[in-house]
Amino acid sequence: MNPSLNVSMLQNDRFLRALRREPVDRTPLWLMRQAGRYLPEYRATRAKAGDFLTLCKTPELCCEVTLQPIDRYGFDAAILFSDILTIPDAMGLGLQFVENEGPTFSNPVRSADDIAQLPIPDPEGELRYVMDAVRTIKSGLSNRVPLIGFAGSPWTLATYMIEGRGSRDFAHAKKMRYDAPQLLKALLDKLTESVAIYLAAQAKAGADALMIFDTWGGVLDPDGYRFFSLQPMARIVERLSVIAPGVPVMLFSKGASAYLLEQANTGVAALGVDWTLNIGDARYRVDGGVALQGNMDPTALFASPEKIRELAGRILDDYGAAPGHIFNLGHGILPGTPPENVAALVQAVHELSPAYHAAAADEAV
Ligand code: CP3
């Protein structure tokens, strides 16, 4: 696949241009978890599917929910509707989503034997339904906006696989990190390989950009973060530069803004920034080396439309008049978010951001 050919066919390539830090007419915008329970049309499709996992495993319905926020809000990028836990599910851990409890695994991974027995899933085998979803969505989008493919980081996947569920303190995973680091490393090595070939397959199926979600990187100590979270992600980025050349990769390591420069040095096109750091400071720290995505507090979307506009304006101003900003939240949109407040945010970014790109537009003339 020739990615540059793909780009030129897109009707709206603002997002991909911003990833390359090229001039744009206004700041591109999409939201993490933009398809989800805050939208009534999502809840209707999910009810039709019966449950979340069936929805994830039905490509036509994945396509339907991926397109819903694009149709409603005109976001500048679509994100594959799926979940990061598809890989552990394909490894045979017995994934279930229990209502109001989140994900659980009936076969958590604790011993050397458990880890040795884990298969590396074939993206066009056990995970073919995800690739079929990418192909179906790509065709359903008719090149309106680019499609983002994604996976969880090895460390974040490992936390769910070791704990067997979501966790507050990650006691089992961290015990392994301290008492049996070689065991954790063996698990992370398998996940690194699985994630790399999974993301490359999504690119081959049509994804225009790839994102790695490291939701739990920030719970590690500094040595632990560098060795168990960042290093496996850096290996994936390096591998993708060979097996999916030219496809931009984004990294979002929540709670880990202390390591922003090290994240930038992995060779990614963009970094996600959570809401605990001023995006102007983040820009200063990476010194133009990568694009930045973020970073409004998702809870701010419960505030009034006026406040939302003010906060959006502040983030645009903090980033300033430079290319390479993709507007997003600092984490996923929350299920109870009023849909009309999302509309207020979209309107604010559409109206306020062109001023920060005027110089670029002048230069292009
Ligand atoms: O961004 C998008 O719109 C694409 C879809 C997407 C989902 N999950 C759908 C989903 C993406 C990118 C994810 C990633 C994901 N999944 C992450 C990393 C990003 C993050 O938010 O930190 C994590 C940690 C998961 C694991 C996961 N999936 C959890 C912990 C939960 C339960 C939490 C909850 O909100 O109920 C899920 C379920 C899930 N994934 C839902 C959706 C729309 C809700 C399912 C439903 O009840 O309909």
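Atoms within each ligand, like the ligands themselves, are counted from 1 in listed order. This is a predicted model, so every value here is computed, not measured.
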Name the closest protein heavy atom to atom 37 (C) of ligand 1, giving the residue it belongs to and the distance to 0.1 Å. Phe97 CE2, 3.4 Å
Heavy atoms only, cut-off 4.0 Å: how does Ser82 contact ligand 1, side chain, backbone, both, or neither? backbone
Any donor-acceptor N or O pair under 3.5 Å, side chains Asp51, Thr54: yes
Quick one about Thr156 and Thr159 (side-chain donor to acceptor, distance below 3.5 Å, no hydrogens or angles considered), yes or no? no
Atom 35 (O) of ligand 1: closest protein heavy atom, distance to 0.1 Å, is Arg37 NH2, 2.3 Å
For atom 47 (O) of ligand 1, what is the closest protein heavy atom, and at what distance to 0.1 Å? Arg46 NH2, 2.9 Å
I'd like to check which ligand 1 atoms, numbered from 1 as shown, lie under 4.0 Å from a non-hydrogen atom of Thr215. 18 (C), 19 (C), 20 (C), 22 (O), 24 (C)
Which residue and heavy atom of the protein sit nearest atom 23 (C) of ligand 1, plus the separation: Ile84 CD1, 3.4 Å
Nearest-neighbour protein heavy atom for atom 20 (C) of ligand 1, which is reported as residue plus atom name and distance: His331 NE2, 3.2 Å
Considering the heavy atoms of Ala35, write down every atom of ligand 1 situated less than 4.0 Å from one of them. 3 (O), 43 (C)
Quick test of your reading of the model: are Glu99 and Arg46 salt-bridged, counting only N-O distances below 4.0 Å? yes
When you compare the side chains of Ser111 and Asp114, does any donor N or O come within less than 3.5 Å of an acceptor on the partner? yes
Consider only side-chain N and O atoms of Thr266 and Glu238, and report whether a donor and an acceptor are under 3.5 Å apart. no
Starting from atom 26 (C) of ligand 1, what is the nearest protein heavy atom, named by residue and atom, and what distance separates them? Asp83 OD2, 3.5 Å
Parallel, tilted or perpendicular: which fits the ring planes of Phe52 and Phe97, with parallel below 30° and perpendicular above 60°? perpendicular
Considering non-hydrogen atoms of the protein only, which is the closest contact for atom 13 (C) of ligand 1, and what is the distance? Arg33 NE, 3.4 Å
Contact atoms of ligand 1, heavy-atom distance to Gln34 under 4.0 Å: 1 (O), 2 (C), 3 (O)
Whether Pro103 lies under 4.0 Å from ligand 1, heavy atom: yes
Only one of Leu31, Asn328, Leu329 passes side-chain contact (heavy atoms from CB on, under 4.5 Å) with Met296, and that residue is Leu329
Compute whether any side-chain donor of one residue and acceptor of the other, for Thr86 and Tyr129, lie under 3.5 angstrom apart. no
Quick one: which of Phe228, Tyr178, Trp155, Trp216 gives a ring-ring contact (aromatic ring centres under 6.0 Å, His included) with Phe170? Trp216
Can you find a non-hydrogen atom of Tyr42 under 4.0 Å from ligand 1? yes
Contact check, Phe252 vs ligand 1, heavy-atom distance below 4.0 Å: no
What atoms in ligand 1 come closer than 4.0 Å to a heavy atom of Leu80? 4 (C), 5 (C)
Expected output: side-chain Thr337 to main-chain Ile333 donor-acceptor under 3.5 Å: no
Checking contacts here: is it the side chain or the backbone of Thr156 that comes within 4.0 Å of ligand 1, counting heavy atoms only? Could be both or neither. neither
Say whether Ser253 and Tyr225, considering side chains only, have a donor N or O and an acceptor N or O under 3.5 Å apart. yes
Give the residue, atom name and distance (to 0.1 Å) of the protein heavy atom nearest atom 39 (C) of ligand 1. Phe52 CZ, 3.5 Å
